[in-house]
Amino acid sequence: MRVCALCSLSVARAGLGSGLFSLRRSFSSLPALCARKKSSEYSCVDSEHYSSLVRAVVSTRTSAQTPESIESEDARLFGAVVRSKPRQAPKKTLKNPCPLLNEAKSSIWSEHEEGAMTRIALQRNSDQPALPSVTKVLQKTMSASQLFYLERWKRRKIAELGEEGFKEYSMNLFKQGKLFHAAIEAALTQETPPKEDVECPECPDEVAGYLQSISHVLEDVTGVRAIESVVEHQSLKYLGIMDCVAMYRGSLCVIDWKTSEKPKPFLHNTYDNPLQVAAYIGALNSDNNYSYQVENGLIVVAYKDGSPAHSHRLSAEQVTQYWEKWLFRLEEYKEKDV
DNA sequence: GGATCCTTCTTCTTCTTC
């Protein structure tokens with residue numbers, strides 16, 4: 001039996017069995033009638049003729065619907081509801097819990113403390129097995145849904161730009177990120193960045209918008225303690241390179257600068273970035289190359305058009321929560337890696 | 001000189017109607 005989409009939907013929602021069958025009978029010839037005309041199917045309805053029927057179906061006075069009545073009606077129409085068993089995810093426990101803070105380090109660094117800026121470069125010791133990096137761990141332990149959405153995004157982009165176009169697009173994103181980081185480094189250290197880090201003949205002022213975007217954030221960044229510096233967790237055996245450690249509005253933070261095409265006004269828009277920052281903070285606190293400890297984090301998302309960057313502060317409590325999530329991911333990585 | 005490393009980014013439903 002052919003039924004207009006609107007009719008079947010409305011009646012099913014109204015949950016009136018008898019009304020459903022009479023309505024279906026009454027409207028069953030509509031599509032055929034409408035097909036002869038180009039106009040909308042709904043314009044063919046003789047609303048005056050059917051007005052009492054429609055009123056009867058949708059009126060709450062004649063149908064005191066309750067969740068129970070709707071459910072029993074649905075069961076009659078569509079069969080019994082198959083309910084999945086509520087799954088209680090077992091509370092996972094860390095096999096190797098590790099504190100975020102380091103008792104051996106006396107206190108959180110204060111703004112008035114003197115100290116040189118640290119910039120430890122990455123060095124590979126070929127004699128020892130390579131430690132996993134923060135980025136690698138996060139990439140290798142993405143959830144199935146994360147991978148699904150990323151893969152879908154990639155497929156859509158390739159469909160839009162072609163394989164070569166996509167490669168170029170990706171390379172350009174990375175390039176912009178690198179140029180942006182070099183420009184921030186120069187701004188925070190008052191140093192002139194290496195020529196190759198800022199020059200981009202085919203794209204002048206490539207990072208001008210990004211710098212404009214973060215200008216209001218930079219005003220609150222003082223006392224830079226580290227830039228592009230390697231941190232290594234002494235016991236958990238992983239490493240990473242922090243963007244920056246500095247004072248931001250009164251607290252010492254590990255700062256991560258990001259560029260983004262899409263606005264990221266909320267912390268959850270930044271996906272694994274908070275875990276990345278927590279991982280750096282934990283490593284920094286355990287690393288004896290740094291005499292101080294850090295409790296807070298900051299993620300700054302800059303935009304090319306110069307619109308104000310979104311900055312997401314991570315309180316000490318939030319960092320602790322993300323630290324625990326990071327530890328789970330690290331355990332997962334190590335289990336996979338074995 | 002070449003290879004490798006870390007990082008740089010990318011994600012969250014989708015449609016109609018007013």
Side-chain angles (χ1 to χ4, degrees), chain A residues 4-6 9-10 13 40-43 119-161 163 165-185 193-194 196-198 200 203 206-207 210 213-214 226-233 237-244 254-277 279-280 283-284 287 299-304 309 333:
Chain A
C4 275
L6 175 66
L9 183 65
S10 303
R13 283 281 167 242
S40 158
E41 293 180 355
Y42 305 114
S43 64
R119 190 202 309 250
I120 301 172
L122 180 68
Q123 284 179 333
R124 280 287 178 206
N125 187 347
S126 54
D127 299 338
Q128 292 173 352
L131 298 182
S133 71
V134 172
T135 309
K136 191 174 178 184
V137 171
L138 290 175
Q139 274 178 345
K140 295 282 181 189
T141 57
M142 276 187 187
S143 67
S145 70
Q146 267 184 305
L147 290 170
F148 167 79
Y149 287 119
L150 280 169
E151 191 53 37
R152 189 182 67 169
W153 169 83
K154 189 178 168 185
R155 277 202 314 272
R156 287 176 174 178
K157 274 285 175 195
I158 290 175
E160 181 190 336
L161 306 169
E163 286 280 358
F166 178 73
K167 268 185 201 167
E168 198 180 325
Y169 166 77
S170 302
M171 278 171 59
N172 198 39
L173 283 181
F174 286 153
K175 188 173 74 182
Q176 284 183 23
K178 285 177 180 175
L179 290 171
F180 174 55
H181 278 75
I184 293 177
E185 192 178 329
E196 62 270 23
D197 281 356
V198 289
C200 181
C203 46
E206 184 78 358
V207 294
Y210 290 121
S213 179
I214 61 161
I227 288 229
E228 294 290 331
S229 199
V230 169
V231 282
E232 184 178 319
H233 200 290
K237 301 293 175 198
Y238 70 87
L239 58 76
I241 300 178
M242 306 177 294
D243 281 350
C244 180
V254 164
I255 305 175
D256 209 37
W257 310 100
K258 301 286 180 193
T259 58
S260 177
E261 289 187 320
K262 275 189 181 177
K264 292 181 177 169
F266 304 109
L267 183 61
H268 73 260
N269 297 134
T270 65
Y271 302 98
D272 283 340
N273 292 167
L275 275 76
Q276 187 184 7
V277 170
Y280 292 150
L284 164 65
D287 193 329
I299 297 164
V300 183
V301 186
Y303 306 110
K304 194 174 186 177
Y333 175 85

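When reading the values below, keep in mind they use all heavy atoms of this one structure, side chains included, and skip hydrogens, waters and symmetry mates. Residue numbers start from 1 in every chain, and the chains themselves are labelled A, B, ... in the order their sequence lines are given, proteins ahead of strands.
In this structure, A:K264 reaches the B:dT10 phosphate: one of its side-chain N or O atoms is under 4.0 Å from OP1 or OP2. Within the 4.0 Å cut-off from OP1 or OP2 of B:dT7, at least one side-chain nitrogen or oxygen of A:T135 is found. Between B:dT13 and A:R152, no contact under 4.0 Å exists linking OP1 or OP2 to a side-chain N or O. The shortest distance between the side-chain N/O atoms of A:S260 and the OP1/OP2 oxygens of B:dT10 is below 4.0 Å. In terms of phosphate contacts, A:K175 brings no side-chain nitrogen or oxygen within less than 4.0 Å of OP1 or OP2 of B:dT8.
Within the nucleic acid shown, A:T259 comes within 4.0 Å of sugar-phosphate atoms alone, with no base atom in reach, counting heavy atoms only. Counting non-hydrogen atoms under 4.0 angstrom, A:L147 reaches nothing in the nucleic acid. Residue A:N273 is out of contact with every strand shown, counting any heavy-atom pair closer than 4.0 Å. Across all strands shown, A:E151 has no heavy atoms under 4.0 Å from either base or sugar-phosphate atoms. Contact annotation for A:S170: no contact, since no heavy-atom pair falls under 4.0 Å across all strands. Counting any heavy atom pair closer than 4.0 Å across all strands shown, A:Y280 reaches sugar-phosphate atoms only and no base atom. Looking at heavy-atom distances under 4.0 Å, A:D243 makes contact with sugar-phosphate atoms alone, never a base. Using a 4.0 Å heavy-atom cutoff across all strands shown, A:K262 reaches sugar-phosphate atoms only and no base atom. Across all strands, A:K157 comes closer than 4.0 Å to no nucleic acid atom at all (heavy-atom distances). Contact annotation for A:R155: no contact, since no heavy-atom pair falls under 4.0 Å across all strands. Heavy atoms of A:I158 sit nowhere under 4.0 angstrom from any nucleic acid atom.
When the C1' atom of B:dC5 is taken as reference, atom NZ of A:K136 falls 9 Å away, rounded to whole Å. Per the geometry, NZ belonging to A:K140 stands 14 Å off C1' belonging to B:dC6, to the nearest Å. A:E160 has its CD atom 13 Å from the C1' atom of B:dT10, to the nearest Å. Put simply, CG on A:N172 is 13 Å from C1' on B:dT10, counting in whole angstrom units. Atom OH of A:Y210 and atom C1' of B:dT8 are 11 Å apart (whole Å). For A:F148 and B:dT10, the CZ to C1' distance is 15 Å, given to the nearest whole Å. The NZ atom of A:K178 sits 10 Å away from the P atom of B:dC9 (whole-angstrom rounding). If you take CD1 of A:I120 and C1' of B:dT7, they are 17 Å apart, rounded to a whole angstrom.
Contact of the A:V254 side chain with the A:C244 side chain is not registered, since no non-hydrogen atoms from C-beta on lie closer than 4.5 Å. Between A:I255 and A:W257 the shortest side-chain heavy-atom distance falls below 4.5 Å. Counting heavy atoms from C-beta on, the side chains of A:K258 and A:T270 never come closer than 4.5 Å.
Stacking between A:Y149 and the base of B:dT11 is absent under the criterion of ring centres within 5.5 Å and planes under 30 degrees. Both geometric conditions, a ring-centre gap below 5.5 Å and a plane tilt below 30°, are fulfilled for A:Y271 over the base of B:dT11.
Between A:L239 and A:W153, the one whose closest nucleotide on DNA chain B sits nearer the 5' end is A:L239. If you find the closest nucleotide of DNA chain B to A:D272 and to A:V134, the one lying nearer the 5' end belongs to A:V134.
Of the candidates B:dC12, B:dT10, B:dT7, B:dC12 carries the atom nearest the A:H268 side chain, counting heavy atoms from C-beta on. Distances from the side chain of A:L122 to the nucleotides B:dT10, B:dT8, B:dC5 place B:dC5 closest. The side chain of A:Q276 has B:dT8 as its nearest neighbour among B:dT8, B:dC12, B:dT10. Side-chain proximity of A:Q146 to the nucleotides B:dT7, B:dT8, B:dT11 is greatest for B:dT11. Out of B:dT8, B:dT10, B:dC12, the shortest distance to the side chain of A:D256 is found at B:dT8. In this structure, the nucleotide among B:dC9, B:dT10, B:dC6 sitting nearest to the side chain of A:I241 is B:dC6.
Residues A:S213 and A:Y303 approach most closely at OG-N, 3.0 Å, considering heavy atoms. Nearest heavy-atom pair across A:K136 and A:Y333 is CE-OH, 3.6 Å.
Counting only distance, with no hydrogens or angles, the side chain of A:H233 and the backbone of A:L239 share no donor-acceptor pair below 3.5 Å. A:D256 places no side-chain N or O within donor-acceptor distance of the main-chain N or O of A:I299, the cut-off being under 3.5 Å.
With no hydrogens or angles considered, a side-chain donor-acceptor pair links A:D272 and A:Q146 at under 3.5 Å.
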